[in-house]
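Contents: one structure, followed by commentary.
Residues take their numbers from the sequence shown, with the count starting at 1.
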Amino acid sequence: MFKAILIDKQDGKQSARLADVADSDLPEGAVTVRVEFSTVNYKDGLAITGKSPVVRKFPMVPGIDFAGVVESSDSNDFRAGDRVLLNGWGVGEGHWGGFAQKARVKAEWLQKVPEKFTSKQAMAIGTAGYTASLCVDALVAHGVTPDRGEVLVTGASGGVGSIAIALLAKNGFQVVAATGKANEADYLKALGAAQIIDRNELSQPGKPLQKERWAGVVDSVGSHTLANACAQTRYRGFVAACGLAQGMDFPSSVAPFILRGVSLLGIDSVMAPREPREKAWARLARDLDSAALDRVSNVIGLEQTLQAAEDIVAGKIRGRVVVDVNR
């Protein structure tokens with residue numbers, strides 16, 4: 001038996017609880033992992049609270065990330081004792097995920113934890129940090145360099161935003177952080193933000209074209225925020241979009257794209273193939289220091305994920321929440 005957060009649905013009503021689960025209930029997969037740490041992402045919050053139809057079948061163990069040690073493997077790529085991590089692949093949505101002391105998954109979904117990081121540090125990064133790295137990789141690959149101008153990071157105090165700021169600052173970019181939490185200014189500046197702006201400057205309906213400012217954007221918010229960010233992006237600038245905290249809508253026009261040559265880059269972290277995943281984690285290992293991870297994360301126990309899910313959906317979480325599944 002092992003402990004897990006279990007989401008179930010009866011008579012159309014969803015509920016989540018801490019439960020004891022038998023090893024025999026684990027889903028099919030080539031590799032069984034003793035999970036050490038997971039992390040609470042916005043999608044996990046939606047899954048547990050049921051505020052969006054993230055979970056596709058029941059019962060479900062949520063948790064789109066985990067890191068731990070291989071217990072047994074039928075794959076030639078992994079053997080018992082290997083330190084591994086998982087980000088995405090529909091885990092926690094259609095396949096049991098990381099809010100548990102054990103997981104069984106396909107071998108191709110796993111990566112080895114970079115030597116630089118412990119399992120705890122890997123989950124302080126998690127899907128949010130890995131997504132942030134994908135965004136930075138995309139901007140850099142498209143020629144965005146520090147000398148081209150400021151880079152905007154929206155949702156700055158969240159998991160994606162926090163890591164994006166740290167990575168961009170490490171690479172010499174002038175980062176402007178948009179946040180609704182004025183009291184987090186010192187935290188964001190410690191990560192490397194050069195300037196803080198109020199998210200309300202971006203979150204309301206705006207003109208299709210506005211004064212040019214951003215050479216690049218990392219946006220995890222969507223809706224009017226993304227539309228305004230595009231409208232303010234400089235000629236031939238790039239916007240990496242990876243989230244929908246404000247909404248899934250995109251109330252914009254074609255003007256920034258056909259009059260200024262702005263490019264909107266869609267960043268998918270769930271089904272990304274192995275090469276960009278490994279590249280993103282290589283950047284994290286190279287550019288992210290342990291002190292930054294300590295600043296952006298705090299650790300909770302497994303049962304506390306139920307409250308953390310409510311908090312992250314309500315916008316009450318700063319940075320990264322790491323889950324010690326054995327606590």
Side-chain angles (χ1 to χ4, degrees), residues 41-43 87-88 125-156 158-178 199 202-203 206 208-210 212-284 287-288:
N41 296 281
Y42 189 77
K43 185 181 284 187
N87 305 121
I125 296 167
T127 282
Y130 144 66
T131 302
S133 191
L134 287 174
C135 290
V136 175
D137 280 346
L139 294 179
V140 172
H142 283 83
V144 180
T145 54
D147 62 322
R148 290 191 61 182
E150 298 171 310
V151 174
L152 171 70
V153 175
T154 67
V160 174
S162 296
I163 301 294
I165 290 168
L167 292 176
L168 288 163
K170 178 71 173 181
N171 284 274
F173 288 93
Q174 191 85 350
V175 183
V176 177
R199 69 183 178 193
L202 298 163
S203 62
L209 281 179
Q210 301 170 35
E212 296 180 51
R213 181 168 182 182
W214 320 116
V217 178
V218 174
D219 176 69
S220 60
V221 178
S223 193
H224 290 292
T225 297
L226 176 58
N228 286 318
C230 290
Q232 295 174 13
T233 297
R234 297 172 63 176
Y235 183 74
R236 297 188 68 81
F238 293 86
V239 179
C242 65
L244 43 70
Q246 185 180 7
M248 191 180 289
D249 58 321
F250 182 44
S252 183
S253 77
V254 298
F257 311 113
I258 65 173
L259 298 179
R260 290 182 179 165
V262 171
S263 295
L264 181 58
L265 309 173
I267 307 299
D268 164 54
S269 62
V270 177
M271 303 304 292
R274 182 168 294 277
E275 184 179 355
R277 286 174 181 269
E278 291 181 344
K279 185 178 179 182
W281 275 97
R283 176 181 291 280
L284 290 160
D287 293 346
L288 200 59

Salt bridge (charged side-chain N to carboxylate O under 4.0 Å, His left out) partners of Arg260, counting only residues at least two apart: Glu212
Check Ala177 against Ala156 and note the closest heavy-atom contact, atom names and distance. CB-CB, 3.5 Å
Do Val160 and Cys242 have side-chain heavy atoms sitting under 4.5 Å apart? yes
With side chains defined as the heavy atoms from C-beta onward, is the minimum distance between Leu226 and Thr154 less than 4.5 Å? no
Taking all atoms of both residues into account, what is the closest heavy-atom pair of Val153 and Leu168, and its distance? CG2-CD1, 3.7 Å
Sub-3.5 Å donor-acceptor pair from the side chain of Arg277 to the main-chain atoms of Ala272, do we have one? yes
Does the side chain of Thr127 reach to within under 4.5 Å of the side chain of Lys43, using non-hydrogen atoms? no
I'd like to check the side chain to side chain donor-acceptor pair (under 3.5 Å) partners of Ser223; sequence neighbours left out, ordered by chain and number. Asp249
Gap separating the CZ atom of Phe173 from the CG atom of Asp147, nearest 0.5 angstrom: 8.5 Å
Nearest heavy-atom neighbours spanning Thr225 and Asp219: CG2-OD1, 3.7 Å
What heavy-atom pair brings Pro208 and Ala255 nearest, and what distance separates the two atoms? CB-CB, 4.2 Å
State, to 0.1 Å, how close Ala229 and Leu202 come at their nearest heavy-atom pair, and which atoms those are. N-CD2, 4.4 Å
Distance, nearest 0.5 Å, that separates CG of Leu265 from CG of Asp137: 12.0 Å
Does any part of the side chain of Gln232, heavy atoms only, come nearer than 4.5 Å to the side chain of Leu152, both counted from C-beta? no
Salt bridge (charged side-chain N to carboxylate O under 4.0 Å, His left out): pairs with one or both residues in residues 231-248, sequence neighbours excluded: none
Are side-chain heavy atoms of Arg199 and Val221 found at a separation under 4.5 Å? no
Might you work through the side-chain contact (heavy atoms from CB on, under 4.5 Å) test for His142 and Ser263, ending with a clear yes or no? CA-CA 10 Å; His142 283 83; Ser263 295; 5.9 Å; no
Distance check, rounded to the nearest 0.5 Å: Asn228 atom CG versus Thr233 atom OG1? 10.5 Å
Once the angle between the rings of Tyr130 and Trp281 is folded into 0 to 90°, is it parallel (under 30°), tilted (30 to 60°) or perpendicular (over 60°)? parallel
Kindly determine whether Leu167 and Leu284 satisfy side-chain contact (heavy atoms from CB on, under 4.5 Å), including the steps that lead there. CA-CA 8 Å; Leu167 292 176; Leu284 290 160; 3.9 Å; yes
For Cys230 and Val262, the nearest pair of non-hydrogen atoms, with its separation, is O-CG2, 4.3 Å
Can you name the side chain to side chain contact (heavy atoms under 4.5 Å, CB included) partners of Gln174, sequence neighbours left out? Glu150, Ala194
Under 3.5 Å, side chain of Ser133 to main-chain N/O of Gly129, donor-acceptor pair present? no
Please list, chain by chain and in numerical order, all residues satisfying ring-ring contact (aromatic ring centres under 6.0 Å, His included) with Tyr42, sequence neighbours excluded. none
Among all residues two or more places apart in sequence or in another chain, which pass the side chain to side chain contact (heavy atoms under 4.5 Å, CB included) test with Ala141? none
I need the Ile163 CD1 to Thr131 OG1 distance, nearest 0.5 Å. 11.0 Å
Distance (rounded to the nearest 0.5 Å) between Trp214 CH2 and Arg148 CZ: 15.0 Å
